[in-house]
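Residues: numbered from 1 along the sequence shown.
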Amino acid sequence: MEIMKKLLSVALLFLSLSAFAQNEQLANNYFDRGEFEKALISYQDLLKSQVGNFNYFQRVVECYQQLQQYDKAEKAIQEQYDRFKQNQLLVELGYNYQLQKNQEKAVKYFDQAIDKIKKNANEVYGIAYVFEKKSLIDYALLAYKTALDKDPKLSFNFQMAMLYGQQGHTDLMIETFLDESIKNPQNLPVIQNQLSRFMTEETDANFNDALKKALLVRAQKTQDVFWNDFLSWYFVQLKEYGKAFIQQKAIYKRYPESFANIVNLGQMAIEDNDQDSAKEILTFVLDNTNDLELLIKSHSYLVQMKIDHALEKDYPAITAELEALIKEFGVSPYTLSLLKLQADFTAFHLKNPEKAKVILKNAMEMPINKYQLAEVKMELADILLFEEKFNQALIYYSQIDEEMNGDVIGQEASLKTAKTSYFKTDFAWASHQLKVLKSATSELIANDALDLYMLISDNTVEDSTQVALKKFARADFLLYQNKKTEALSQFQAILKENKGDQIEAVTLLRIGKIYEKMGDFTNALANYNEIVTKQKESIYIDEALYFSAEIYNTQLHDSEKAKPLYEEIIFHHEDSIYYVDSRNKYRKLRGDTNL
């Protein structure tokens with residue numbers, strides 16, 4: 001009987017809490033929809049249940065103010081102040097008068113709030129918060145400065161820097177953020193995140209220049225490598241890897257153990273297709289270290305770059321280089337990156353998957369950790385897929401997904417599972433998997449999943465039989481197998497058969513990319529131009545513009561033709577993933593000094 005009473009009490013409590021949560025949601029919905037009379041009644045009922053709930057109290061006051069019932073708002077605030085002596089309510093009283101355009105009385109209460117901080121610096125936390133919430137930026141700053149005068153040991157650099165930014169005083173914001181970063185290095189990631197937002201979103205192009213100057217001045221004055229590293233971060237945001245490398249070299253001269261950062265910088269340069277900087281960085285590593293892991297990693301990156309841009313005539317030299325490196329460093333867990341690279345090159349370029357699988361299966365016998373094992377399994381699955389052994393590939397992808405669930409490599413395996421379904425033309429199952437992956441923690445995986453999901457859905461709406469999509473998936477699989485000529489022929493056939501259809505734009509994009517990989521930039525540009533000039537409503541137009549600009553900029557070195565293409569992305573495709581890179585490259589080509 002006693003147990004039943006307890007269970008009944010718990011059930012009643014649960015129902016009470018559930019009803020309370022529903023009432024709060026109802027009140028919030030009324031408020032968000034601008035139905036302030038209904039919201040007021042709901043919040044008043046909630047406040048009766050929780051008298052000390054400051055959020056409900058604030059919403060009651062805000063409802064009064066929205067209904068222009070300022071006398072009732074003042075009475076409620078005064079009663080709350082008399083009861084709880086919360087000094088931030090002085091700001092609320094002042095703001096209530098400001099809404100009535102009675103600035104004299106508003107200032108009186110704001111000044112009283114500041115006086116409370118003069119007596120007790122800890123009052124600043126509540127008072128400054130309300131000033132900020134009411135967008136009273138000048139008073140919020142005054143509150144923090146008053147607290148610092150009272151107790152200099154306190155620190156509000158981060159909060160004050162954010163307020164300076166809201167005021168448009170970016171120079172003060174920069175200096176305050178930099179002061180905070182050196183004083184509390186643990187806050188550096190958050191500070192850099194805020195600064196990067198201004199670097200990419202700020203319409204005033206002088207911001208980047210001001211930040212660079214401030215960092216250079218500190219680096220020169222203090223000779224502290226902290227600022228060299230900060231400058232390196234700054235140049236990485238702008239994808240200026242050569243300049244970032246100069247800063248990393250300055251750090252290395254004083255702290256040779258910092259070599260890992262230089263290798264990572266080289267990898268970033270590769271990912272952004274800055275081949276010249278990547279070669280310079282990684283060659284520097286090879287010339288200046290005996291660290292086995294760094295040497296192997298640098299060699300792997302350099303060989304991968306050669307493979308990515310290789311023609312068939314280059315294959316023998318790459319084969320010989322890989323064999324020489326593996327002979328030099330031996331077959332061991334340390335050389336796993338070279339072994340995987342050799343297996344991939346052997347399968348996808350030399351078309352010898354059997355030999356590639358032997359390399360990987362031998363690697364799996366070595367004493368490697370679970371992450372390394374997952375990487376080898378992934379490469380093996382890729383080669384099985386290359387051989388059109390779909391089910392065997394899926395087994396390995398599924399194993400990795402299960403064993404590394406929650407990790408990026410697990411999500412990558414899940415994406416490859418979806419792609420395998422797509423290659424098999426099982427579009428329904430592929431779409432089901434991709435729908436989940438669209439919210440993956442890895443932005444790259446999420447974007448890839450979204451692209452493939454949209455490709456399937458867009459070309460199913462127009463053609464429920466999916467005839468063209470099936471042919472497209474087959475051509476994509478040939479591309480996966482690195483059979484460029486066969487893939488090109490298939491895509492051209494699709495283009496011929498589906499003129500004016502939904503699938504036309506993405507087909508042109510694929511053909512352009514194949515020509516790019518073949519080094520035929522004239523034909524690549526011609527196909528991209530078809531999208532730009534004749535497919536103006538296509539979701540692929542920003543890609544066509546960007547790929548064209550990149551060819552002119554990096555391959556043909558014709559900046560005058562690249563500039564208007566980057567400019568088109570900047571002014572008409574602000575939501576493109578290529579927007580930031582296009583803007584930086586456009587400014588550089590234009591000769592801006594703030595880079």
Worksheet entry | Electrostatic pair Asp382:Lys416 at N-O distance under 4.0 angstrom | yes
Item to complete: Give the ring-plane orientation class for Tyr480 versus Phe423, where under 30° counts as parallel, over 60° as perpendicular and anything between as tilted.
Response: tilted
Worksheet entry | side-chain hydrogen bond (donor to acceptor under 3.5 Å, both in side chains) evaluation trace for Gln248 with Asp229 | CA-CA 7 Å; Gln248 288 297 335; Asp229 200 44; 3.1 Å; yes
Practice prompt. Check the pair Tyr546, His573 against ring pair (Phe, Tyr, Trp, His ring centres under 6.0 Å), reporting the backbone distance first and the verdict last.
Written response: CA-CA 11 Å; Tyr546 181 78; His573 302 279; over 10 Å; no
Fill in: Qualifying residues under side chain to side chain donor-acceptor pair (under 3.5 Å), relative to Asn482, sequence neighbours excluded
Lys484
Worksheet item: Can you tell me if OH on Tyr334 sees more than 12 non-hydrogen neighbours from other groups inside 6.0 Å?
Response: no
Worksheet item: Distance only, no hydrogens: is a donor on one side chain within 3.5 Å (strictly under) of an acceptor on the other, for Lys471 and Gln490?
Response: no
Fill in: Basic-acidic side-chain contact under 4.0 Å: Lys340, Asp344
no
Worksheet item: If you take all heavy atoms of Glu412 and Ile445, which pair is closest and at what distance?
Response: N-CD1, 3.6 Å
Worksheet entry | Derivation of the ring pair (Phe, Tyr, Trp, His ring centres under 6.0 Å) call for Phe386 and Phe348 | CA-CA 8 Å; Phe386 170 87; Phe348 286 88; 5.0 Å; yes
Report all side-chain donor-acceptor pairs from residues 356-364 shorter than 3.5 Å, counting only partners two or more places apart or in another chain.
{"from": "Lys357", "atom 1": "NZ", "to": "Glu354", "atom 2": "OE2", "distance (Å)": "3.2"}
{"from": "Lys357", "atom 1": "NZ", "to": "Glu387", "atom 2": "OE1", "distance (Å)": "2.9"}
{"from": "Lys357", "atom 1": "NZ", "to": "Glu387", "atom 2": "OE2", "distance (Å)": "3.4"}
{"from": "Asn362", "atom 1": "ND2", "to": "Val358", "atom 2": "O", "distance (Å)": "3.3"}

Discussion item. Before you tell me yes or no, could you show the steps for Phe198 and Phe177 under ring pair (Phe, Tyr, Trp, His ring centres under 6.0 Å), namely the whole-Å CA-CA distance, both residues' side-chain angles and the distance that decides it to 0.1 Å?
Written reply: CA-CA 13 Å; Phe198 275 82; Phe177 266 142; 8.0 Å; no
Worksheet item: Any chance CD of Glu443 has more than 12 other-residue heavy atoms, nucleotides or ligands included, within less than 6.0 Å?
Response: no
Worksheet entry | Distance-only polar pair, side chains of Gln466 and Thr460, donor-acceptor under 3.5 Å | yes
Fill in: pair Leu282-Ile270: side-chain heavy atoms closer than 4.5 Å
yes
Worksheet item: Has Tyr579 got more than 12 heavy atoms of other residues, nucleotides or ligands less than 6.0 Å from its OH?
Response: yes
Item to complete: Tell me, with the steps shown, if Asn527 and Tyr515 meet side-chain hydrogen bond (donor to acceptor under 3.5 Å, both in side chains).
Response: CA-CA 9 Å; Asn527 280 273; Tyr515 277 128; 5.5 Å; no
Practice prompt. Give a yes/no verdict on a cation-pi contact between Lys249 and Phe245, requiring under 6.0 Å between NZ or CZ and the six-membered ring centre and an angle within 45° of the axis.
Written response: yes
Fill in: Over 12 foreign heavy atoms within 6.0 Å of CD, Glu271
yes
Practice prompt. Give a yes or no on whether a salt bridge exists between Lys306 and Asp314, defined as a side-chain N under 4.0 angstrom from a carboxylate O.
Written response: no
Worksheet item: In terms of ring plane angle, is the pair Trp227 and Phe230 parallel, tilted or perpendicular, where the classes change at 30° and 60°?
Response: parallel
Fill in: Other residues, nucleotides, ligands: >12 heavy atoms within 6.0 Å of Glu293 CD
no
Worksheet item: Looking only at side chains, do Glu516 and Tyr528 share a donor and an acceptor under 3.5 Å apart?
Response: yes
Discussion item. Quick check on Lys355: does its NZ atom have over 12 non-hydrogen neighbours (other residues, nucleotides or ligands) under 6.0 Å away?
Written reply: no
Discussion item. I need the full list of ring pair (Phe, Tyr, Trp, His ring centres under 6.0 Å) pairs touching residues 438-474, with sequence neighbours left out, sorted by first then second residue.
Written reply: Phe472-Phe491
Worksheet item: Where does the angle between the aromatic ring planes of Tyr315 and Phe345 fall among parallel (under 30°), tilted (30 to 60°) and perpendicular (over 60°)?
Response: perpendicular
Worksheet item: Is the cationic atom of Arg583 (NZ for Lys, CZ for Arg) positioned less than 6.0 Å from the six-membered ring centroid of Tyr566 and within 45 degrees of its normal?
Response: no
Discussion item. Would you say Gln304 and Asp308 are linked by a side-chain donor-acceptor pair, where the criterion is simply a distance under 3.5 Å?
Written reply: yes
Practice prompt. Test side-chain hydrogen bond (donor to acceptor under 3.5 Å, both in side chains) on Asn228 and Gln247 and set out the steps.
Written response: CA-CA 5 Å; Asn228 294 102; Gln247 299 303 322; 2.9 Å; yes
